[in-house]
Amino acid sequence: MSRSLIPTPGQTVGPFFGYALPFAKGGELVPPGSPNSVQLHGTVYDGNGTPIPDALIEIWQADENGNVVSETGSLVRDGYTFTGWGRIPAGNTGKYVFTTVNPGATEPGKAPFFAVAIFARGLMNRLFTRVYLPEDSEALEKDALLSSLEPARRKTLIAERLADGSLHWDIRLQGEDETVFLDFNSEA
Amino acid sequence: MGEPVKSSDAAADNQAIVSREIRDIEEGYRAALSAGQPAETQPRIDYAPYRSSILRHPTKSLHHADPETIELYSPAFGHQDVHALESNLTIQHGGEPLGERMVLRGKVLDGDGRPVAGQLVEIWQANSAGRYIHKRDQHPAPLDPNFTGVGRCITGPDGSYEFLTIKPGAYPWKNHLNAWRPAHIHFSLFGTEFTQRIVTQMYFPGDQLFPLDPIYQSIVDQDARDRLVARYNHDLTSPEWALGYEWDIVLTGPKRTWTENEAYGEQGDNE
Ligand SMILES: [Fe+2]
């Protein structure tokens, strides 16, 4: 692919994004308590296993039927339009929580996942990753990304379904169980 | 990693120690370049002179992935999300903020030079004294009751953005003893695909703090660093009103095969 322009470098989000990036209902892709709503939640950890209090997490997902929506209004949510995008800062204990719906498979047989971007003070550039729904084991087995990973690495990208129906997924920026982070831009 | 892990915010080292680390890394990079290695265009995520990065960067290499459906699209933003006045950071309170008033204008482009139309641009910055409105900013410089330092806009059909603000001041931080950040404005950008998402910082030409700053220097290639520096443009400066700066942003990609409508920018026109 020919590239005429060289991309602008990223830089860390730094510590002072608090007045700029978080917004009201940023983590509520659907109103809490609405039918079929699920929570996606977890903790962001550093290489010592210490929770990170100043990370920012964004998710971008298909709707329940697997459709990619192009609705505006994420920043000023009207309470009924599903925009597919959310942003939430990790709290003082490194915890984040989104209220959303399970993304559907975007094509028959595809394993549904949330696309994720992570920002933090101390992180020079944003990190991309995915978190997959755990249910469709056949689709997970066939997934191109997951099957290119060793089992121990693969499991860092699959959420755990808790008894209350919520999805639990921790993010580890470094260390033994380091989350798999993705590079979309180099050639395979 | 053989060395003991340094505490990330201890401010234990002085500028000379950090500057030496910066220089060593840069010399290593130059040697690699002359040995035929490709130029680096992004910051190093493993960059120890920035102490907070030590425990916060992945140590395994990023895993190549071909973007799939959802990743080939971007969330949509429009005028429901952002009011036109949010691009003016000088009118958010009762009076005028102190400092050098400045117009900042530029374009958001993709790697093929196509304008990124109708997309969200968010900025945040310190005030003219180098102070953020943030409980963790303990720098004893004055807050400005007329300045929050946060702006947003939606790019035009040609990918253009424009903000009216005041020039931020340099500020100290605790990376090491006597550490100061060059004046900068933080930028958050979206493309037409999720894979193009980027957060970065824009700097001002000729800043004497560049060689000393581990965040700026985490980009080891000088041409790449230069891409974060705005250009002063006297034609954009308005008489007796505001200085003019210009800065274009280029996103990665695109990865998706574009339809004709999108290629002509209609996506951003219809809001
Ligand atoms: Fe800053």
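Lettering of chains follows the sequences in order, A, B, ..., and the numbering in each one begins at 1.
- Residues B/Gln201 and A/Thr12 meet the side-chain proximity criterion, which asks for heavy atoms closer than 4.5 Å.
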Output, in order, the C-alpha distance, side-chain angles, deciding distance and verdict of ring-ring contact (aromatic ring centres under 6.0 Å, His included) for B/Tyr132 and A/Tyr19.
CA-CA 9 Å; B/Tyr132 285 89; A/Tyr19 275 79; over 10 Å; no
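- Between chain B and the options A/Ala115, A/Gly66, A/Pro103, heavy-atom pairs under 4.5 Å are most frequent for A/Ala115.
- Taking the side chain as every heavy atom from C-beta outward, A/Arg121 and B/Tyr50 approach each other to under 4.5 Å.
- Between A/Trp60 and B/Tyr73, the distance from one ring center to the other does not fall under 6.0 angstrom.
- Contact of A/Val180 with chain B is made through the side chain alone, with heavy-atom distances under 4.5 Å.
- With a 4.5 angstrom heavy-atom cutoff, A/Phe114 does not touch chain B via any of its atoms.
- For the atom pair CD (A/Glu58) and OG (B/Ser188), the distance works out to 6.5 Å, reported to the nearest 0.5 Å.
- Proximity to chain B is absent for every atom of A/Arg172, based on heavy atoms less than 4.5 angstrom apart.
- The distance from atom OG1 of A/Thr179 to atom NE2 of B/His63, rounded to the nearest 0.5 Å, is 14.0 Å.
- Contacts between A/Leu127 and chain B at a heavy-atom distance below 4.5 Å involve the side chain alone, from C-beta outward.
- Only the side chain of A/Phe119 comes within contact range of chain B, with heavy atoms under 4.5 Å apart.
- Of the atoms belonging to A/Ser148, heavy atoms from both backbone and side chain fall under 4.5 Å from chain B.
- The part of A/Asp143 that comes within reach of chain B is its side chain, from C-beta onward, which places non-hydrogen atoms under 4.5 angstrom from that chain.
- With a 4.5 Å cut-off on non-hydrogen atoms, B/Glu68 touches chain A through its backbone and its side chain both.
- At a threshold of 4.5 Å between non-hydrogen side-chain atoms, the residues A/Phe17 and B/Glu122 do not count as touching.
- For a residue to count as touching a neighbouring chain, one of its non-hydrogen atoms must lie under 4.5 Å from one of that chain's; by this rule A/Phe184 touches chain B with backbone and side chain alike.
- With a threshold of 4.5 angstrom between heavy atoms, B/Thr148 approaches chain A through side-chain atoms but not through N, CA, C or O.
- Between A/Trp85 atom CH2 and B/Leu120 atom CG the span is 7.0 Å, to the nearest 0.5 Å.
- Proximity to chain B (any heavy atom under 4.5 Å) is shown, for A/Thr83, by neither the backbone nor the side chain.
- Rounding to the nearest 0.5 Å places CZ of A/Phe113 at 7.5 Å from CD1 of B/Ile70.
- Interface remark: of the candidates B/Arg225, B/Arg197, B/Gln125, B/Arg197 forms the most heavy-atom pairs closer than 4.5 Å to chain A.
- For a residue to count as touching a neighbouring chain, one of its non-hydrogen atoms must lie under 4.5 Å from one of that chain's; by this rule A/Glu107 touches chain B with the side chain only.
- Remark: the backbone N or O of B/Ile215 is paired with a side-chain donor or acceptor of A/Gln11 at under 3.5 angstrom.
- Formation of a donor-acceptor pair under 3.5 Å by the B/Gln42 side chain with backbone atoms of A/Asn125 is not found in this model.
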